[in-house]
Structure formats: C-alpha cells, structure tokens
Amino acid sequence: GENVGLHLPTLSVQEGDNSIINCAYSNSASDYFIWYKQESGKGPQFIIDIRSNMDKRQGQRVTVLLNKTVKHLSLQIAATQPGDSAVYFCAESNNNDMRFGAGTRLTVKP
Amino acid sequence: ETGVTQTPRHLVMGMTNKKSLKCEQHLGHNAMYWYKQSAKKPLELMFVYNFKEQTENNSVPSRFSPECPNSSHLFLHLHTLQPEDSALYLCASSLNPSGGLADTQYFGPGTRLTVL
C-alpha cells in the first residue's frame with residue numbers, strides 16, 4: 001500500500017548546527033506537501049509547504065526540498081536552536097486525500 | 001495562537017459517559033476537521049466538514065458523532081467509548097477555496113481524552 005513515512009524516528013543535533021529531517025512518500029498523485037512542528041502539549045504548527053510544481057522553497061531558517069523522482073521530501077533547519085526541539089512530521093495531499101507521517105523527534109543539545 | 005481553540009483541554013470519562021468536544025475557529029475558514037492522534041502513530045483523519053457539509057468520514061465508529069452548526073464551530077459527541085479511544089483529539093481548519101484537501105490546515109491545541 002502507499003504510505004507516508006519518516007526515515008528516522010529521532011534526531012539529535014548540537015545547537016547552531018543545521019538539521020535535516022527526511023520524509024518518503026509513495027503516492028505519485030500527491031501534489032501538495034506540508035511540514036508541521038508539534039511541541040509537547042500543543043497542536044501541530046504549520047512550518048512550510050510546497051507544491052509539486054516546485055522543488056525548493058525557503059522560509060525563515062527553514063527550507064523544504066521536494067524530489068519527485070524518488071518521492072522524497074526534506075526539511076532543513078539552519079542554525080538549529082533549543083526552541084526547535086519538537087516532533088516534526090510531513091503531510092502529503094491531493095484534493096481527495098491527506099496523509100501524515102508518524103513524526104521525527106528533534107532534540108537540540110546546548 | 002493559531003486562531004483555533006478547543007475545549008476542554010483535558011477530559012477523563014467512563015465508558016458509559018456522554019461528553020462533547022468543542023472546536024472554534026476565528027480565521028474565517030470554510031473547512032473544519034477532526035483528527036485522532038495516538039502515541040507513535042500518524043495523525044488519523046476522522047471527519048471533514050466543508051461549508052458545514054460533511055465530506056469525509058473515514059470509517060469512524062458510530063460512538064463518535066460530529067456536528068458542525070456553522071463554519072466556525074465543530075463538535076465531536078462521544079458516547080460509550082472504549083479505553084483504546086484514549087488519545088489527543090485535534091481540530092483543524094482551512095480556507096479550502098476549492099473544496100479539496102490540498103490546503104494548509106491550522107490546528108488547535110487538542111483535547112487529551114482518557115477513557116477509563
């Protein structure tokens with residue numbers, strides 16, 4: 001079956017380093033992708049999105065890369081800060097379906 | 001704050017109780033969603049309402065009953081739940097101009113439900 005998943009369930013980085021969180025998807029009909037951040041005790045928070053007609057999109061300290069050839073999505077966080085510690089998960093969607101990954105826990109060490 | 005509020009934030013109920021979860025969005029969005037989030041599992045979409053009309057019901061047991069009286073309010077009525085229904089229940093909304101699911105959703109803080 002088709003699924004959305006994350007390669008690593010946990011990621012630990014040093015403060016100030018860059019972080020890369022990966023996501024694999026297999027539904028070739030997906031045309032809209034989102035990254036969410038979820039801190040403990042809170043709901044998911046939108047970080048950045050990208051549509052299938054793009055392969056890169058940048059926000060403030062975050063970049064999302066989309067590789068449709070291998071159906072891979074990544075979130076890059078520059079100069080990771082302690083406040084970035086959270087669970088990050090991707091979502092893929094088209095007009096008829098939306099699926100979420102299980103999440104990767106990012107821990108930032110001081 | 002995302003503009004989506006949920007009450008209560010925590011709820012403990014017995015299997016014979018009836019309770020309701022409430023969600024309100026202050027974003028002028030047209031679509032609202034209920035999700036279930038269990039530990040170490042992906043978010044599970046339960047219900048979708050678009051312009052107050054239910055457009056998705058992902059095989060959710062009838063002990064969960066949604067209600068959407070207007071585009072700003074969404075309820076989830078709970079009746080004779082099971083312990084395995086214990087989870088974080090999240091509400092979300094989106095502008096959804098085309099009526100499809102490919103739109104940014106903004107989530108509330110969730111209701112932590114425990115069924116004894």
Side-chain angles (χ1 to χ4, degrees), chain A residues 1-10 21 23-54 57 59 62 64 66 68 73 86-105, chain B residues 1-10 21 23-25 27 29-50 55-59 74 87-113:
Chain A
E2 295 180 324
N3 61 81
V4 178
L6 291 164
H7 293 308
L8 298 173
T10 60
I21 301 172
C23 181
Y25 69 95
S26 57
N27 185 355
S28 57
S30 293
D31 58 9
Y32 180 55
F33 305 86
I34 314 165
W35 279 102
Y36 286 96
K37 171 187 180 182
Q38 188 171 21
E39 297 175 270
S40 180
K42 297 184 179 180
Q45 175 189 355
F46 171 86
I47 301 174
I48 193 168
D49 59 358
I50 190 168
R51 297 204 178 264
S52 58
N53 60 350
M54 303 174 67
R57 191 159 187 233
V62 294
V64 55
L66 175 62
K68 294 182 287 293
L73 186 73
V87 174
Y88 292 81
F89 55 91
C90 65
E92 60 165 332
S93 72
N94 52 52
N95 265 353
N96 301 314
D97 189 29
M98 174 169 275
R99 305 182 190 188
F100 293 83
T104 290
R105 180 172 298 281
Chain B
E1 295 297 329
T2 63
V4 181
T5 59
Q6 289 187 244
T7 55
R9 292 295 308 275
H10 300 272
L21 309 184
C23 176
E24 184 173 359
Q25 59 97 359
L27 302 169
H29 287 169
N30 302 314
M32 297 187 76
Y33 311 77
W34 278 118
Y35 287 90
K36 177 183 179 183
Q37 187 176 41
S38 303
K40 299 181 181 179
K41 292 176 66 176
L43 277 174
E44 300 172 56
L45 179 63
M46 300 174 71
F47 301 104
V48 180
Y49 277 83
N50 198 36
T55 57
E56 293 279 335
N57 178 343
N58 283 3
S59 304
L74 185 65
L88 182 68
Y89 287 84
L90 290 160
C91 172
S93 71
S94 69
L95 185 60
N96 222 16
S98 63
L101 293 175
D103 196 18
T104 305
Q105 296 180 22
Y106 295 86
F107 286 83
T111 295
R112 174 68 62 186
L113 174 67

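Here is how names work: the chains are called A, B, and so on, in the same order as the sequence lines, proteins then strands, and each is numbered from 1. All figures in this text were calculated on a predicted structure; none of them were measured in a lab.
- With a threshold of 4.5 angstrom between heavy atoms, A/D31 approaches chain B through side-chain atoms but not through N, CA, C or O.
- With a 4.5 angstrom heavy-atom cutoff, B/L90 touches chain A only via side-chain atoms.
- Each of B/L88, B/L45, B/V48, B/T104 has some count of heavy-atom pairs under 4.5 Å with chain A, and the biggest count is that of B/T104.
- With B/E24 contributing its side chain and B/T7 its backbone, the two residues share no donor-acceptor pair below 3.5 Å.
- The closest side-chain donor-acceptor pair between A/D49 and A/Y32 falls under 3.5 angstrom.
- Aromatic ring centres of B/Y33 and B/F107 lie farther apart than the 6.0 Å criterion allows.
- Proximity to chain A (any heavy atom under 4.5 Å) is shown, for B/Q105, by both the backbone and the side chain.
- Contact of B/R9 with chain A is made through the side chain alone, with heavy-atom distances under 4.5 Å.
- With respect to the salt-bridge test (charged N to carboxylate O, under 4.0 angstrom), the residues A/R99 and A/D97 qualify.
- In this structure, no portion of A/Q45 lies under 4.5 Å from any heavy atom of chain B.
- Residue B/Y35 is tested with A/F100, A/Y36, A/F89 for a ring-ring contact (aromatic ring centres under 6.0 Å, His included); the sole match is A/F100.
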